[in-house]
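Letters go in sequence order (proteins before strands), and every chain restarts at 1.
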Amino acid sequence: SQQGEEDPQALSIQEGENATMNCSYKTSINNLQWYRQNSGRGLVHLILIRSNEREKHSGRLRVTLDTSKKSSSLLITASRAADTASYFCATDADKLTFGTGTQLKVEL
Amino acid sequence: DAGVIQSPRHEVTEMGQEVTLRCKPISGHNSLFWYRQTMMRGLELLIYFNNNVPIDDSGMPEDRFSAKMPNASFSTLKIQPSEPRDSAVYFCASSFIVVGAGNTIYFGEGSWLTVV
């Protein structure tokens, strides 16, 4: 069974807008990661947040983690057409378990 | 640095044929993962090796699937006999796992399998 579940399943925005994706998980974690997958490609690691962190930034990415609610969010600010991809959250342990992904489409 | 290398990138085969997917992990990594991705089921972990030893194969769908890692630089995923429902993208990934730490997994570009 999958640990993380992303929401929404699909998101369409205009270039320049912010995109927010959410992830919910079921069990306690040590850390949570976000990955990106361009169409036809493998997943690429974006950012990791540890369970004792509440927020983390990396460039235009902002990730929050609420362990009491077992949820995380990924915010992409000032989105670009090149951000069009699927985004997955993954919870830890020695084997990462991925959610079903959010398909983001950024239109010009 | 070379990333995770998978072959073949694309394969079309007939039902009943044997399929072998290959993976070369990133040098120095101690863990290797095989994932399967489909529209219906998303990204599923099939099997996970640590130091060339299978640690968890609970995701392997059935006996038709087998995976080996004879050394630290090579792994195979074999499907015999293949069926149309095996059509999917199969990803190999590797990582240097430190228990309790955040372990980034590096993915290959995938092997796109179509069984007709």
Is atom [atom1] of [X] surrounded by more than 12 heavy atoms (other residues, nucleotides or ligands) closer than 6.0 Å?
X        : atom1 : answer
A/Gln103 : CD    : no
B/Arg9   : CZ    : yes
A/Arg41  : CZ    : no
A/Lys56  : NZ    : yes
B/Asn71  : CG    : yes

Let me confirm one number: the CD-CG distance from B/Glu109 to A/Leu43, rounded to the nearest 0.5 Å. 10.0 Å
Between the CG atom in A/Asn31 and the CG atom in B/Asn103, the distance rounded to the nearest 0.5 Å is 7.0 Å
Please say yes or no: joined through hydrophobic side-chain contacts below 4.5 Å, possibly via intermediate residues, are B/Ile55 and B/Leu46 part of one cluster? no
Any side-chain heavy atom of A/Tyr35 within less than 4.5 Å of one from B/Leu43? no
Min side-chain heavy-atom separation A/Gln37-B/Phe91 under 4.5 Å: yes
Close aromatic pair by centroid cut-off 6.0 Å: B/Tyr35 and A/Phe88: no
For A/Gln33 and B/Thr104, which heavy atoms make the closest approach, and how far apart are they? OE1-CA, 3.7 Å
Contact part of B/Gln37 toward chain A, heavy-atom cut-off under 4.5 Å: side chain, backbone, both or neither? side chain
